[in-house]
Amino acid sequence: VAASAAASAASAAAGALGRGARMTEVAQAAWGRALGEGGAFAVDMTAGGGKDTLFLARAVGARGHVLGCDVQADALSRTRVLLAAHAGEGLGAVRLREGCHSTLTLQEATERVGRGAAAPPRARPSLVCFNLGYLPGGDRAVKTAPETTVPAVRGALDMLGRGGLLSVLVYVGHQGGPQEREAVEATLSGLSPRNWSCSEVRMVNRQGCPVLYLAERMSEPDPEPGLG
């Protein structure tokens with residue numbers, strides 16, 4: 001079942017790419033397939049301007065939950081404004097966290113979202129996604145880097161249960177981008193094919209095109225106390 005779900009997410013991404021979608025939309029096609037009909041829990045490790053967080057809040061629906069993380073207060077402020085502009089549209093409950101994504105633990109990620117009866121039980125996320133690089137319109141000197149991205153990706157892999165999807169969109173057109181792509185690929189390439197289904201989605205005839213990596217867990221993780 002997990003293997004077919006992994007293929008489904010990758011095929012959704014490939015289908016979107018074949019229709020000429022932007023790489024952010026390609027990634028979102030995979031997310032939508034992974035999150036199903038609503039009620040899921042998703043983690044956005046790089047909230048940025050909030051567009052991905054908003055997409056996830058819509059995708060999980062009113063019964064779902066989203067954790068959005070970013071190291072920059074300005075990014076989270078933009079995200080709050082964007083979410084507020086779409087309040088009343090049946091979005092999932094969203095909690096925002098300021099800090100480096102490399103320090104996020106499973107226990108912190110699965111804390112209850114403070115919205116009264118809508119707060120979920122502690123359960124593993126169905127999706128953890130990264131959109132690497134820098135904040136559009138922000139300080140380009142503040143950007144993701146292998147030193148923090150690799151530990152964050154490894155931590156995200158540990159968060160996922162069977163059938164959970166990791167999505168990493170890597171930009172290679174800025175300084176340090178190619179090295180970050182190599183680091184992400186090396187991390188995922190080292191995963192056991194018995195436990196993980198990993199794929200790469202990109203356009204080989206478009207120079208500087210972002211690269212999307214998808215990894216779905218095909219086995220049960222080690223049990224974590226208190227998690228559903």
Side-chain angles (χ1 to χ4, degrees), residues 1-10 12 27-47 50 52-70 76 79 83 89-131 151-168 188 191-192 194-198 213-228:
V1 176
S4 62
S8 181
Q28 289 173 356
W31 303 349
R33 189 67 60 87
L35 293 173
E37 299 300 320
F41 171 38
V43 179
D44 182 358
M45 287 290 219
T46 49
D52 288 343
T53 307
L54 176 61
F55 175 91
L56 295 175
R58 283 172 168 159
V60 301
R63 296 183 296 108
H65 308 270
V66 177
L67 171 62
C69 308
D70 207 284
L76 296 180
T79 300
L83 292 171
E89 296 181 7
L91 304 181
V94 178
R95 177 165 58 99
L96 299 179
R97 172 191 184 269
E98 182 179 349
C100 181
H101 49 210
S102 66
T103 64
L104 180 65
T105 65
L106 176 60
Q107 180 177 358
E108 182 182 358
T110 55
E111 287 176 355
R112 292 176 179 270
V113 178
R115 190 180 284 186
R122 294 182 66 202
R124 293 177 181 272
S126 299
L127 168 72
V128 181
C129 61
F130 295 76
N131 192 338
V153 167
R154 289 175 176 159
L157 292 169
D158 288 340
M159 292 181 196
L160 296 171
R162 187 168 187 257
L165 180 70
L166 169 74
S167 168
V168 187
L188 299 184
L191 297 177
S192 167
R194 291 177 296 181
N195 300 323
W196 294 93
S197 175
C198 300
Y213 293 98
L214 300 172
E216 185 153 0
R217 184 184 281 276
M218 297 162 53
S219 61
E220 295 293 344
D222 293 333
E224 189 78 14
L227 287 181

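Everything quoted here is computed from the prediction, not taken from an experiment.
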- Message: Applying the side chain to side chain contact (heavy atoms under 4.5 Å, CB included) criterion to L54, which one of T79, V94, L91, V66 satisfies it?
- Response: L91

- Heavy-atom closest contact (A215 atom, L157 atom, distance): CB-CD2, 4.5 Å

- Using a 4.5 Å cut-off on heavy atoms from C-beta on, say whether the side chain of V153 contacts that of L188. yes

- Message: Quick check for you: to the nearest 0.5 Å, what is the distance between N195 atom CG and E220 atom CD?
- Response: 11.0 Å

- Correct closest heavy-atom pair for E108 and T103 would be OE1-O, 4.4 Å

- Rounding to 0.5 Å, atoms CH2 (W31) and OG (S167) come to a distance of 5.5 Å

- Query: Atom CE of M159 and atom OG1 of T110: how far apart are they, to the nearest 0.5 Å?
  - Reply: 8.5 Å

- Measure from the side-chain N and O atoms of R95 to the backbone N and O of L67, and report whether any donor-acceptor pair falls under 3.5 Å. no

- Query: Is a donor on one side and an acceptor on the other found under 3.5 Å between the side chain of R217 and the backbone of L160?
  - Reply: yes

- Query: Short question: side chain of R162, backbone of M218 - any donor-acceptor pair under 3.5 Å?
  - Reply: yes

- Query: Tell me, do R97 and V43 make a side-chain contact under 4.5 Å, heavy atoms counted?
  - Reply: no

- Residue pair R33 / S8: nearest heavy atoms and the distance that separates them: NH1-OG, 2.7 Å

- Task: With sequence neighbours left out, write down each residue that passes side chain to side chain contact (heavy atoms under 4.5 Å, CB included) with A156, or none if nothing qualifies.
- Result: M45, V128, F130, L166

- Item | Close side-chain approach of D44 to F55, heavy-atom, < 4.5 Å | no

- Item | Student check: side-chain heavy atoms of L165 and L35 closer than 4.5 Å | no

- Item | Nearest non-hydrogen partners of P151 and S102, listed with the distance | CB-CB, 4.1 Å

- Which heavy-atom pair separates D70 from A47 by the least distance, and what is that distance? OD2-N, 3.4 Å

- Can you name the residues that form a side chain to side chain contact (heavy atoms under 4.5 Å, CB included) with E98, not counting sequence neighbours? A73, L76

- Message: Among residues at least two apart in sequence or on other chains, which ones pass side chain to side chain contact (heavy atoms under 4.5 Å, CB included) with D158?
- Response: none

- Message: Distance check, rounded to the nearest 0.5 Å: C198 atom SG versus L191 atom CG?
- Response: 4.5 Å

